[in-house]
Amino acid sequence: MVEDAAPGRRRKLTGRTGLSQGEQRVLSYLVLFAAAAAHFTSLAESAPHAPRLILLDDAFAKVDEPTHGRLGRILVDLDLDFVLTSERLMGNWPEVPSLHIYECLRDPHVRGVATLHYTWNGRHRRLVSV
């Protein structure tokens with residue numbers, strides 16, 4: 001129990017933050033991105049050419065669409081190399097200046113996986129010919 005603003009009133013702490021699931025995830029991503037960037041920056045002197053790689057499976061699930069590009073921009077601004085997997089996202093957000101995109105296609109009647117390779121230049125997605 002904790003004292004409320006009104007003297008003598010008490011309220012129970014529930015642990016609820018008042019944030020939606022999407023907002024909670026955005027906060028988690030921000031902490032993750034900042035920690036990864038700090039870690040790689042601390043290693044930069046001993047391994048300046050090492051990738052600053054972060055991998056996100058089912059990236060940005062339960063996060064609203066306008067926020068996807070903002071999170072992508074944060075990854076770019078922190079100079080992180082990233083791999084995002086998603087069944088919904090292509091990564092072609094105006095906030096991200098360039099990107100390689102690979103779409104994996106699977107036919108259940110054929111062995112293996114086919115890929116399509118696209119590039120994104122901040123304005124247009126283009127299929128890269130084989």
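Excluded from the calculations below are hydrogen atoms, water molecules and symmetry mates; all remaining heavy atoms, backbone and side chain alike, are included. Please read all numbers here as calculations on a predicted model, not as lab measurements.
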**Item:** Rounded distance [0.5 Å steps], CG in Leu99 versus CG in Leu84
**Value:** 7.5 Å
**Request:** Evaluate the side-chain proximity of Ser20 to Arg25: yes if any heavy-atom separation is below 4.5 Å, no if none is.
**Result:** no
**Item:** Residues that Asp58 engages under salt bridge (charged side-chain N to carboxylate O under 4.0 Å, His left out), provided they are two or more places apart
**Value:** Arg88
**Request:** Kindly work out whether a path of hydrophobic side-chain contacts (I/L/V/M/F/W/Y, heavy atoms less than 4.5 Å apart) joins Leu53 to Leu43.
**Result:** no
**Value rounded to 0.5 Å, distance of CD1 in Ile101 from CH2 in Trp120** = 7.5 Å
**Item:** Heavy-atom closest pair, residues Cys104 and Thr115
**Value:** SG-CG2, 3.9 Å
**Prompt:** Any link between Leu78 and Val83 through a network of hydrophobic side chains (Ile, Leu, Val, Met, Phe, Trp, Tyr) touching at under 4.5 Å?
**Reply:** no
**Asked** To the nearest 0.5 Å, how far apart are CG in Asp64 and CZ in Arg70?
**Response** 7.0 Å
**Separation of Leu71 CG from Leu32 CG (nearest 0.5 Å)** = 10.5 Å
Expected list for residues 123-130: side-chain donor-acceptor pairs under 3.5 angstrom, two or more places apart:
none

**Asked** If you take all heavy atoms of Glu45 and Pro48, which pair is closest and at what distance?
**Response** O-CD, 3.8 Å
**Message:** Within this structure, what is the CZ-CG distance for the pair Arg111 and Asp107, rounded to the nearest 0.5 Å?
**Reply:** 13.5 Å
**Prompt:** What closest approach, in Å, do Ala59 and Leu89 show between heavy atoms, and which atom pair accounts for it?
**Reply:** O-CD1, 3.3 Å
**Item:** Worked check of side-chain contact (heavy atoms from CB on, under 4.5 Å) between Phe60 and Thr67
**Value:** CA-CA 9 Å; Phe60 308 153; Thr67 305; over 6 Å; no
**Asked** Just wondering, do Val63 and Tyr29 contact through their side chains at under 4.5 Å, heavy atoms?
**Response** yes
**Pairwise side-chain contact, Glu23 with Val26, heavy-atom cut-off 4.5 Å (strictly under)** = no
**Fill in**
Between the CZ atom in Arg52 and the OG1 atom in Thr41, the distance rounded to the nearest 0.5 Å is 4.0 Å
**Closest non-hydrogen atom pair between Val96 and Gly91, with its separation** = CB-O, 4.5 Å
**Prompt:** Would Tyr118 end up clustered with Leu105 when hydrophobic side chains under 4.5 Å apart are linked, directly or stepwise?
**Reply:** yes
**Request:** Would you please name every residue forming a side chain to side chain donor-acceptor pair (under 3.5 Å) with His100, sequence neighbours left out?
**Result:** His117
**Item:** Any side-chain heavy-atom pair of Met90 and Glu103 under 4.5 Å
**Value:** yes
**Prompt:** So do Leu56 and Phe33 actually touch side chain to side chain, heavy atoms under 4.5 Å?
**Reply:** yes
